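Heads up, the thing below is written out as structure tokens.
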Amino acid sequence: NSTKPCCTLVHSPLNTIQYNYVTEAAIVDERYTPQDIEPKWQAYWSEQCLHQSTADHSKKKFYCLEMFPYPSGKIHMGHVRNYAIGDVIARYKRMKGFSVLHPMGWDSFGLPAENAAIKHGVHPAAWTYENIEFMKKQLSGMGLSYDWDREVATCSPEYYKWNQWLFLKLLEMGLAYKKTSFVNWCPSCATVLANEQVIDEKCWRCDSSVVQKELEQWFFRITRYAEELLQGCDSLTGWPERVVAMQKNWIGRSEGVEVEFPLEGTEVSIRIYTTRPDTIFGVTFICLAPGHPLTESLTEDKKGLEAITAKYGKMEEKEGLFTGRYAVNPLTGERVPIYVANFVLMEYGTGAIMSVPAHDQRDFEFAQNYGLPVKVVIVEEQKSEVRSQKSELTEAFEDEGVLVNSEQFSGVRSGEAKAQIAAYIEEKGLGTRTVNYRIRDWGISRQRYWGTPIPVIYCESCGIVPVPEKDLPVILPEDVTFSGKGGSPLKESESFIHVSCPSCGGAARRETDTMDTFVDSSWYFAAYCLKKGQKSEGGIDLLSAVNNPQAEINHWMPVDQYIGGIEHAVLHLLYSRFFTKVMRDIGLLKTDEPFANLLTQGMVCKETWKCPEHDWLFPEEVEDGRCSKCGAEVVKGRVEKMSKSKKNVIDPDSLIRRYGADTMRLFSLFAAPPERDLEWSDKGVEGAFRFLNKVWTLAYRNRSRKTEDRAQNPDASGLTPQAAQLLRKTHQTIRKVTEDVEKDYHFNTAIAGLMELVNETSSFNPETEEDASVMAIAIRSTILMLAPFSPHITEELWSAMGEKESIFRQSWPEWDEALAKDEEVELVVQVNGKLRAKILVPAGLSEEDAKKAALGDERIREITADKEIKKVVVVKGKLVNIVVGA
RNA sequence: GCGAGAAUGGCGGAACUGGCAGACGCACCAGACUUAGGAUCUGGCGGGGCAACCUGUGGGGGUUCAAAUCCCCCUUCUCGCACCA
């Protein structure tokens with residue numbers, strides 16, 4: 001069989017063999033086999049410690065970070081995309097001569113581990129570490145250039161010790177405190193949720209309806225940094241605008257006035273907050289939050305109050321209850337009824353509001369429901385007359401205008417009136433100007449096992465006692481059972497609860513709540529900088545960095561490029577900014593902001609299929625547009641984010657097995673720019689694979705071509721026109737790819753540029769030695785530029801070309817502007833803005849000559865023959881537009 | 001309602017500060033090679049027209065020699081926030 005003639009040989013002028021048709025037997029060692037190549041180079045990189053990062057002060061540093069994953073069990077396409085983007089950047093920056101830090105770790109505390117424990121009886125730690133091990137293998141299979149020496153897992157005592165240490169620091173600084181409050185409670189997860197974790201009044205994780213529950217909880221005083229977090233937004237120039245907008249929104253600063261409304265018949269007064277002091281003459285009632293300190297004593301109808309309190313936080317229906325008491329408007333002396341209303345929030349402002357139904361839609365509707373008066377105090381500027389009263393109003397007039405019925409302020413425009421009235425109120429001692437923020441303190445207590453134990457001890461005689469630093473970490477106990485029924489398993493651990501008081505030595509008990517896992521991820525980027533080798537060699541050490549400007553953390557921070565999903569636009573990113581400022585104030589680091597540049601990558605989506613009977617279908621369940629189970633006609637669903645429930649997921653492992661990691665990476669980078677959603681296409685993946693095969697064939701067959709001849713001949717003289725063109729194209733491509741990567745990480749167009757170059761190189765047949773060396777340059781440049789995208793194939797080809805050193809130790813190719821310049825350009829000739837001819841002219845032609853050339857063109861002369869030429873516009877090197885009359 | 005973004009062939013997407021619309025890829029069509037092709041290669045590919053040419057970037061106006069790009073108005077979609085006083 002082996003002697004069977006199997007290929008057609010075509011001899012080129014240079015006697016290089018080109019295989020037009022080859023059987024499998026003949027090309028076995030020439031064929032691109034990612035399955036062999038990829039593990040080989042992964043092992044090599046690891047042996048060579050190629051990605052280890054040390055603070056090298058002779059080079060510019062670059063900290064490239066992707067959001068670390070929760071070890072759920074398997075990586076998905078979202079991870080693949082995220083890490084592919086990060087890896088290209090890291091590898092590119094290294095080739096560009098930067099000293100790069102590119103770490104990876106595990107956000108490994110959290111609910112799923114505990115749920116697995118309840119369901120399968122496996123300990124959360126065992127479950128988690130098993131997942132980590134598996135996922136780490138998967139990541140290695142992708143050929144990602146991480147410095148695994150700095151790996152962290154937030155569930156390791158080594159890590160959470162510092163969570164606890166930071167907690168103690170916050171406690172010292174008065175930034176951690178305990179209070180009783182209404183909290184968001186997820187009945188299904190049986191735990192408290194932060195405000196940021198409640199989405200549409202549902203749990204962000206399990207989607208169950210969140211209820212309000214009164215509990216004593218630990219809080220972080222993020223509000224103390226509200227102003228700085230807001231101001232800092234302006235320095236986030238490397239962040240997407242919308243993320244910054246979302247952060248600003250969340251912090252929600254508003255300027256207003258707090259005004260005292262005396263309570264009729266008493267010495268007490270009610271303090272309200274308003275941003276519209278200009279409407280204060282229009283107040284016709286005031287509302288208290290159900291939880292307001294005065295509510296209880298003012299309200300006679302206790303049952304009614306209970307009913308209103310029960311509806312607190314339920315925003316669908318606005319309900320109120322008249323307390324039976326009145327307050328006095330301090331500016332008008334008018335008496336206004338006091339209501340308790342379920343929509344007034346205790347947490348915002350003062351928990352009491354003044355209601356101006358004429359100028360606030362919600363107040364307006366409330367007034368209609370409860371038959372309260374409406375008093376107009378602002379009218380549109382043009383109609384400065386007071387229009388007759390409430391009967392005409394069908395809705396509140398919320399815009400700015402001119403004040404009426406407002407005593408000495410009547411006739412003043414509302415913008416101006418705000419300032420005047422606020423000043424008047426302060427002057428008369430009726431209230432004060434204040435700033436309010438929407439953001440509230442961050443509740444971090446969770447009634448869970450698989451999280452960082454909060455390091456405090458409760459003592460009968462000493463009260464709340466922090467665990468001394470020397471006793472850290474407070475380790476999660478092993479003797480726990482996971483019943484899934486009510487409360488934290490830590491409550492059941494006798495060995496954990498009982499402890500002697502560090503202060504008086506008496507019997508005491510430990511805090512059994514653990515920290516929100518968002519605490520873990522709020523400083524992990526700093527942990528990587530301070531991690532030295534594996535555990536045995538010291539691990540993370542924050543202490544050494546306190547007030548130490550030489551600490552490595554100050555070399556690497558801030559993160560130069562952070563990459564992750566948009567879903568963290570508020571939660572994680574805001575907490576991390578907060579922690580960074582706290583760490584700065586502790587003396588741990590010198591930066592104000594953790595992430596200089598942020599790239600929020602789009603989702604990975606795929607088409608879906610839906611059967612009227614069987615709901616979502618896997619693609620293989622669709623046969624000729626019909627459901628394979630019932631034969632019903634299948635509807636093509638929308639392109640949606642990959643999810644198990646929609647049955648449109650692609651498993652990265654199966655892709656790697658079939659096409660290799662290089663193809664998977666390449667496609668995920670080519671199909672769309674990183675910040676946009678990506679539609680996964682099986683055919684598109686094949687296209688990427690085809691391209692790599694093309695590169696392989698081209699580079700492998702020409703692997704022994706040398707570039708030397710070009711060295712003596714720096715310009716293009718002596719080359720055949722085809723070779724000169726290829727050389728030009730090579731330099732143009734280097735320029736294009738570099739600029740695309742540098743500018744916005746637009747890898748899709750960078751890859752397109754490489755494809756063009758490969759196409760052009762493939763169809764090039766060198767006729768001279770010099771031409772051949774141009775081809776070698778083109779190929780080597782291609783391989784070098786492709787390396788960050790598809791690292792294995794390029795490393796293999798690089799070595800096949802006889803290179804001894806890793807391609808990732810090479811410099812990124814540079815272009816020569818002179819060589820990138822076209823000798824001839826195609827000049828577009830328009831007549832009245834319409835394309836009429838294209839002429840080839842030498843580059844750098846003067847405007848006058850371009851004009852002459854355009855007007856001299858046969859076709860143009862024909863068109864313009866009997867017309868009056870009014871004007872000729874010349875865009876140098878590009879276009880001539882001839883404007884003619886009719 | 002407020003904020004951010006988007007709309008370009010059959011599809012994903014290109015087009016730098018206004019200057020050839022549709023790069024690159026997918027799909028499709030034709031051809032070559034082949035026992036075969038879901039491999040490879042070559043060519044074609046917005047729409048209309050034999051052609052010259054006309055027309056075309058969600059819709060309508062405008063500015064300009066020239067508009068996907070700038071200005072005004074409108075439509076649709078995506079995302080985030082939303083009784084915050």
Side-chain angles (χ1 to χ4, degrees), chain A residues 8 19-22 24 199-200 240-250 252-254 256 272-276 279 286-287 289 315-318 341-345 347-356 360-363 365-366 398 436-440 566-567 569-570 603 607 639 667 670-673 675-688 690-691 693-694 697 736 739-740 743 746 748-756 758-759 762-763 826-838 870-884:
Chain A
T8 323
Y19 295 81
N20 268 6
Y21 176 72
V22 196
E24 289 174 16
I199 293 144
D200 290 336
E241 243 183 283
R242 63 171 175 150
V243 176
V244 177
M246 280 160 81
Q247 296 242 328
K248 282 185 179 169
N249 229 319
W250 191 265
R253 184 183 202 269
S254 74
I272 61 94
Y273 172 72
T274 182
T275 55
R276 293 290 304 269
T279 64
I286 69 176
C287 292
M315 296 307 188
E316 304 89 64
E317 29 195 329
K318 285 156 229 170
N342 69 325
F343 59 83
V344 179
L345 307 169
E347 293 85 352
Y348 187 77
T350 59
I353 61 168
M354 63 176 215
S355 295
V356 187
D360 181 283
Q361 188 57 26
R362 187 201 47 214
D363 292 349
E365 282 162 25
F366 192 88
E398 296 186 323
N436 250 294
Y437 299 92
R438 209 184 71 99
I439 190 171
R440 280 169 249 163
I566 183 74
E567 66 272 18
V570 180
M603 297 182 297
E607 60 184 4
V639 174
F667 176 73
F670 175 63
E675 69 280 3
R676 241 201 269 186
D677 284 353
L678 177 153
E679 187 185 335
W680 196 265
S681 143
D682 296 333
K683 291 289 184 183
V685 176
E686 279 180 36
R690 258 199 299 272
F691 170 67
N693 271 289
K694 208 167 173 178
T697 311
K736 180 189 168 49
E739 284 173 357
D740 283 352
K743 208 177 58 182
H746 276 187
N748 56 331
T749 50
I751 294 166
L754 288 172
M755 286 172 168
E756 281 184 57
V758 168
N759 289 343
S762 296
S763 54
E826 204 175 46
L827 199 64
V828 170
V829 186
Q830 297 179 333
V831 177
N832 284 351
K834 296 206 175 195
L835 176 68
R836 283 295 178 263
K838 291 178 179 182
K870 290 182 168 170
K871 190 174 167 186
V872 179
V873 182
V874 181
V875 181
K876 213 163 171 265
K878 273 189 183 158
L879 167 146
V880 178
N881 189 14
I882 301 157
V883 187
V884 299

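Quick caveat: nothing in here was measured; it's all calculated off a predicted structure. Within every chain, numbering begins at 1; the chains are lettered A, B, ... in the order of the sequence lines, protein sequences first and strands thereafter.
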Can you check the distance between [N] and [M], where both ends of the measurement are the [atom1] atom (answer in whole Å)?
{"N": "rC41(B)", "M": "rC79(B)", "atom1": "P", "answer": "41 Å"}
{"N": "rG12(B)", "M": "rC16(B)", "atom1": "C1'", "answer": "22 Å"}
{"N": "rC72(B)", "M": "rG48(B)", "atom1": "C1'", "answer": "33 Å"}
{"N": "rU64(B)", "M": "rG49(B)", "atom1": "C1'", "answer": "31 Å"}

From the options rG3(B), rC84(B), rG19(B), select the nucleotide whose nearest atom is closest to the side chain of Tyr348(A).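 Of rG3(B), rC84(B), rG19(B), rC84(B) is nearest to the side chain of Tyr348(A).
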Taking the side chain of Thr749(A) as heavy atoms from C-beta outward, which of rA23(B), rG12(B), rA4(B) is closest to it?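 When the side chain of Thr749(A) is considered, rA23(B) is the closest of rA23(B), rG12(B), rA4(B).
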Check if the side chain of Asn881(A) and the base of rC65(B) share a donor-acceptor pair of N or O atoms closer than 3.5 Å. yes
So does Lys871(A) reach the base of rC65(B) with its side chain, donor to acceptor, closer than 3.5 Å?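 For Lys871(A), whose side chain was compared with the base of rC65(B), there is no donor-acceptor pair (under 3.5 Å).
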Distance alone, cut at 3.5 Å: any donor-acceptor contact between the side chains of Lys694(A) and Asn759(A)? yes
Hey, are the side chains of Asp360(A) and Arg276(A) touching, using non-hydrogen atoms and a 4.5 Å cut-off?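 With C-beta onward as the side chain, the pair stays apart.
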Report yes if some heavy atom in the side chain of Arg438(A) is under 4.5 Å from a heavy atom in the side chain of Glu347(A); otherwise report no. no
Can we call the ring centroids of Phe343(A) and Phe366(A) under 6.0 Å apart?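 Under 6.0 Å, so yes.
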Do any side-chain nitrogens or oxygens of Arg836(A) fall under 4.0 Å of OP1 or OP2 in rA52(B)? no
Quick one: is rG5(B) close enough that its OP1 or OP2 comes under 4.0 Å of any side-chain N or O from Arg676(A)? no
Which part of the nucleic acid, if any, lies within reach of Gln361(A) when heavy atoms closer than 4.0 Å are counted: base, sugar-phosphate only, or nothing?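 If one applies the 4.0 Å heavy-atom cut-off, Gln361(A) turns out to touch nothing in the nucleic acid.
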May I have the distance from Gln247(A) (atom CD) to rG3(B) (atom C1'), rounded to whole angstrom? 14 Å
